[in-house]
Amino acid sequence: MIDRRELVGRHAVETRRILPESPLSVGNGELCCTVDVTGLQTFPAAHPAEDRTGTGPGTLLAIMASWGWHSVPGSHAPAETTRTYETARGPVPYVDMRGGLSGSGEAPASAAEAWLRANPHRLDLGRIGLAAVAGPPLSPADLGDVHQRLDLWTGVLTSRYRLRGAPFTVVTACHPERDVLAVRVESPVLSELAVRLAFPYGSQAWGNAADWSRPEAHASVLRPSAGGFTVQRVLDDTAYDVAVTMTGGGRVSAGGPHEFLITFGEPAAELVIAFRTEGGLPCFRQVAAASARHWARFWNTGGAVELPGGERAHELERRIVLSQFLTAIHCAGSSPPAETGLMANSWRGRFHLEMHWWHAAHFPLWGRPELLERGLGWYAAIQPRARETARAQGCPGARWPKQTGPDGRESPSPIGPFLVWQQPHPIFLAELVRRATGTRHALDRYAGLVLDTAAFMAAFAVKGPGGYGLGPPLVPAQESYADVRASAANPTFELAYWSWALQVAQHWRRLLGLPPEPSWAEVADGMARPRVRGGVYAAMDAPPYTVRDDHPSMLYALGFVPPTPLIDATTMRATLHDVLAHWDWESTWGWDHPAIAMTATRLGEPHTAIEALLRPAAKNTYLPNGHNRQSATLPVYLPGNGGLLAAVALMAQGWDGGPPSPGFPPSWTVRHEGLLRLP
């Protein structure tokens, strides 16, 4: 049996200086707060997050919630962004984009396109940090003797340092079930400083969640309350209250239109800050205790993998442990997450549904299906809109958007509306829940989701001379083909995924006591065979066939997708080695590396799987805080963390009828428990 406390404890994150790319967070999946080494958000400029639209950097030190969204007022005309494409089903409207994407160098987007892409956007709910009451502002140069420790077993962050020579201890925690932060600050000079609470307007920038330049556009109204105060926030149609209780002789005063300074008369003080007020607030001690109970239960009840061995095994184990913590606080909310989670905005904080599998499929595989189900339930809320999209395109069922916010509206794009590989995801995710929780529970909650998804998929496929095909128009998972979307067709990965998911949906019909749907079987069994060129699978069955950058998605037709009659293992093995020898690795993304490891595992090549997970590529970097960094504009990337956990589950536990630990070489010692087999 694995000593889980020891396993988790050896990967506690410790920091002794400001690491600009690697701040630490506390959160619960619905709310997350990222802080600097002061335990608060005192130096946001020390942790920049670059914005692609050239509006200046944001910061990684945000407070964000799944429910925290904002739209700026503005007229918009969705019809202006619709373009009709000829298909085998006749003319079909797509939410296309005539202007260029951010940073593309093409003509700028129209006013309608720009508004629809930027609204709603996720909102930075507030900023909390230490501030000087008199004299010059605080500076990172004022810090010394830093020692910050994130205890993963309790979820509590303790920060010790000297600020202008005086000792400080700050303890930061997040309630596991409420959108409540708790902070305890101790210092002999606490009365000489203040805690600053400030609020921004919403930002339409690509990666910045806060706009501090428009104080006239929103309101922050201070109201006294028992033991503290409440700030009533109004930003256009968005409103929320922030309730604060304080000890230590705390007093609050306005420092500006949206700025409040809390000063203390004692050397120790506690603050509890609720971003949605639901009943009385707990005290600091209650929040910290609830956090400790929650995280001990989290680590004790889910899956675990221990990798005794040398430096590489230790590094992989570190990534595994930290990825479990990070996906739990960033990817387990009541809606699908952004690719940067609740730490910073990317694509204005909007969801990318083709990434939802990579964010959250690992939860049931690691014995925590309830964390996936929080976001999976969101699909029912947008199902009517997804059905409207399918009907407009001449199909029954539901067509799921690619880039969207909580309203489920597709964003204008020359790429997103043409992607199809997110369509089978709800079937795969629901099937993982069924395998983890039992058939009755899954059928009761997700039958409608599975059946609607399959109905669209079967109708979307078009019968041709070689079988049922996909597209055109279409953009494969490998988005390099966006410019040829009007002619792109039959991508290898999507063909296999379509066939497999329809077979799973047919199985759900049997479990529901429904007769088989003949059209689903006809499509699943009759998909066109993928194009083979030079003995390897092409990316798609249309020129240019294969471009050797971005995602090598043809590999994922066997690995991510379980075996199907469409895919020949020998050809896929040749394809794998062709990709390994000739691909542009710096253009790949964080989730590509675990996806390749899944393909290697299914093909019986564990050494290749390990090398894929640990490949020294820029976007396969895992920071000291555990985040998978991609670039200055994608400073964290949760699909990489979630994909790593899904791949490790396959590598350690395998699949139905497969060998034990198929993804680890015999020379590796692997201990695991609580993992679910994949299909």
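Residue numbers start at 1 and run along the sequence shown.
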(request) Kindly indicate, with the supporting measurements, whether the criterion salt bridge (Lys or Arg N to Asp or Glu O under 4.0 Å) is fulfilled by Asp592 and Lys619. (result) CA-CA 9 Å; Asp592 283 312; Lys619 293 180 185 176; over 6 Å; no
To the nearest 0.5 Å, atom CG of Leu645 lies from atom CZ of Arg319 at 12.0 Å
Next on the checklist: Between Tyr622 and His593, is the ring centroid distance below 6.0 Å?
Outcome noted: no
- If the plane angle is over 60° it's perpendicular, under 30° parallel, otherwise tilted; pick one for Tyr497 and Phe493. parallel
Mind checking whether Met651 and Ile610 have side chains closer than 4.5 Å, heavy atoms only? yes
inquiry  = Whether the side chain of Glu479 engages the backbone of Ile415 through a donor-acceptor N/O pair (distance < 3.5 Å, no angle test) should be reported.
reply    = no
- Item | Sub-4.5 Å side-chain heavy-atom contact between Leu470 and Phe460 | yes
Item checked: Phe351 ring center within less than 6.0 Å of Trp378 ring center -> yes
So, Arg445 and Glu373, do they make that salt bridge, N to O below 4.0 Å? yes
- Task: Using a strict 4.0 Å threshold on nitrogen-to-oxygen distance, state whether Glu317 and Arg671 make a salt bridge.
- Result: no
Donor-acceptor contact below 3.5 Å, side chain Ser335 vs main chain Gly375: no
request  = Please assess Met572 against Leu555 for the test side chain to side chain contact (heavy atoms under 4.5 Å, CB included), listing each intermediate value before the final yes or no.
outcome  = CA-CA 7 Å; Met572 184 58 76; Leu555 294 181; 4.0 Å; yes
### Query
Have Arg350 and Ser411 got a donor and an acceptor in their side chains that come within less than 3.5 Å?
yes
* Steps toward salt bridge (Lys or Arg N to Asp or Glu O under 4.0 Å) verdict (Arg318, Glu315) -> CA-CA 5 Å; Arg318 183 188 75 90; Glu315 171 58 16; 2.9 Å; yes
Start with the C-alpha distance between Lys402 and Glu410, add both sets of side-chain angles, then the distance that settles salt bridge (Lys or Arg N to Asp or Glu O under 4.0 Å), and finish with yes or no. CA-CA 7 Å; Lys402 188 276 193 197; Glu410 182 70 87; over 6 Å; no
Any donor-acceptor pair under 3.5 Å from Ser631 side chain to Leu634 backbone: yes
task = Take Thr575 and Met554 through the side chain to side chain contact (heavy atoms under 4.5 Å, CB included) test and state the conclusion after the steps.
result = CA-CA 8 Å; Thr575 308; Met554 69 289 286; 3.6 Å; yes
- Query: Within the side chain of Arg531, is there an N or O that forms a donor-acceptor pair under 3.5 Å with the backbone of Tyr545?
  - Reply: no
Worksheet entry | Any donor-acceptor N/O pair, Ser587 side chain to Asp584 backbone, under 3.5 Å | yes
Relative to Phe363, does Arg368 satisfy both conditions: NZ or CZ under 6.0 angstrom from the six-membered ring centre, and within 45 degrees of the ring's axis?
no
Original post:
So Glu494 and Val420, side chain to side chain contact (heavy atoms under 4.5 Å, CB included) or not? Walk me through it.
Top reply: CA-CA 8 Å; Glu494 284 85 340; Val420 297; 3.9 Å; yes
Note to self: Closer than 4.0 angstrom, basic N to acidic O: yes or no for Arg485 and Asp96?
What the structure shows: yes
Practice task
Let me see the working for Trp357 and Phe560 under ring pair (Phe, Tyr, Trp, His ring centres under 6.0 Å), right down to the final yes or no.
Solution key: CA-CA 10 Å; Trp357 194 99; Phe560 172 94; 4.5 Å; yes
Can you check whether Trp400 and Phe456 have ring centres sitting under 6.0 Å from each other?
no
(Q) Is the distance from the ring center of Tyr379 to that of His356 below 6.0 Å? (A) yes
When rounded to the nearest 0.5 Å, the distance separating CH2 of Trp421 from CE of Met355 is 3.5 Å
Looking only at heavy atoms, the pair that brings Thr340 and Leu638 closest together is C-CD2, 3.8 Å
Aromatic ring centroids of Trp358 and His362 under 6.0 Å?
no
Taking every heavy atom of Pro516 against every heavy atom of Arg509, the minimum-distance pair comes out as C-NE, 4.0 Å
**Prompt:** Judged by atom type as modelled, is there a donor-acceptor pair below 3.5 Å linking the side chain of Thr599 to the main-chain atoms of Leu558?
**Reply:** yes
* Asked: How about Thr439 and Arg434: does a side-chain donor come under 3.5 Å of a side-chain acceptor?
  -> yes
inquiry  = Would you say the ring centers of Tyr85 and Phe418 fall short of 6.0 Å from each other?
reply    = yes
Only pairs under 3.5 Å count here: list side-chain donor-acceptor contacts from residues 388-398, not counting sequence neighbours, and write none if there are none.
{"from": "Thr389", "atom 1": "OG1", "to": "Arg385", "atom 2": "O", "distance (Å)": "3.2"}
{"from": "Gln393", "atom 1": "OE1", "to": "Arg399", "atom 2": "NH1", "distance (Å)": "2.8"}
{"from": "Gln393", "atom 1": "NE2", "to": "Pro93", "atom 2": "O", "distance (Å)": "3.3"}

Please check if any side-chain donor atom of His352 sits under 3.5 Å from a side-chain acceptor atom of Glu339, or the reverse. yes
Aromatic contact, His330 with His627 (centres under 6.0 Å): yes
message: Is it the case that the side chain of Asn620 and the backbone of Leu613 share a donor-acceptor pair, with hydrogens and angles ignored and the cut-off at 3.5 Å?
response: yes
Next item on the list: Assess Arg677 against Trp655: is NZ or CZ under 6.0 Å from the centre of the six-membered ring, and within 45 degrees of the ring's axis?
Entry: no
*Verdict with reasoning, Trp498 to Thr564, per side chain to side chain contact (heavy atoms under 4.5 Å, CB included)*: CA-CA 10 Å; Trp498 227 255; Thr564 64; over 6 Å; no
In terms of heavy-atom contacts, Ala496 and Ile567 come closest through CB-CG1, 4.0 Å
**OP:** Let me see the working for Tyr446 and Trp508 under ring pair (Phe, Tyr, Trp, His ring centres under 6.0 Å), right down to the final yes or no.
**Re:** CA-CA 10 Å; Tyr446 306 114; Trp508 274 56; 7.4 Å; no
Hits for salt bridge (Lys or Arg N to Asp or Glu O under 4.0 Å) against Arg629, two or more places apart or cross-chain, chain-then-number order -> Glu21
Can any side-chain N or O of Thr82 pair as donor or acceptor with the backbone N or O of Val95 at less than 3.5 Å? no
Practice task
Go through the side-chain N and O atoms of Ser323 and Asn641 and say whether any donor and acceptor fall under 3.5 Å apart.
Solution key: yes
Original post:
Is the side chain of Asn628 donor-acceptor paired with the backbone N or O of Thr621 at a distance under 3.5 Å, no angle test?
Top reply: yes
Taken to the nearest 0.5 Å, the spacing of Leu365 CG from Arg435 CZ works out to 9.0 Å
Give a yes-or-no answer on whether the side chains of Ser480 and Asp549 include a donor-acceptor pair shorter than 3.5 Å. yes
State whether Asp578 and Arg573 are salt-bridged, where the test is any N-O pair (Lys NZ or Arg NE/NH1/NH2 against Asp/Glu carboxylate O) under 4.0 Å. no
Value for CD (Gln324) from CG (Leu644), rounded to nearest 0.5 Å, stands at 9.5 Å
Value for CD1 (Ile596) from OG1 (Thr601), rounded to nearest 0.5 Å, stands at 11.5 Å
- Using atom types as modelled and distance alone, determine if a side-chain donor or acceptor of Gln478 lies under 3.5 Å from a backbone N or O of Val547. yes
A side-chain contact here means heavy atoms from C-beta on lying under 4.5 Å apart; do Pro679 and Pro562 qualify? yes
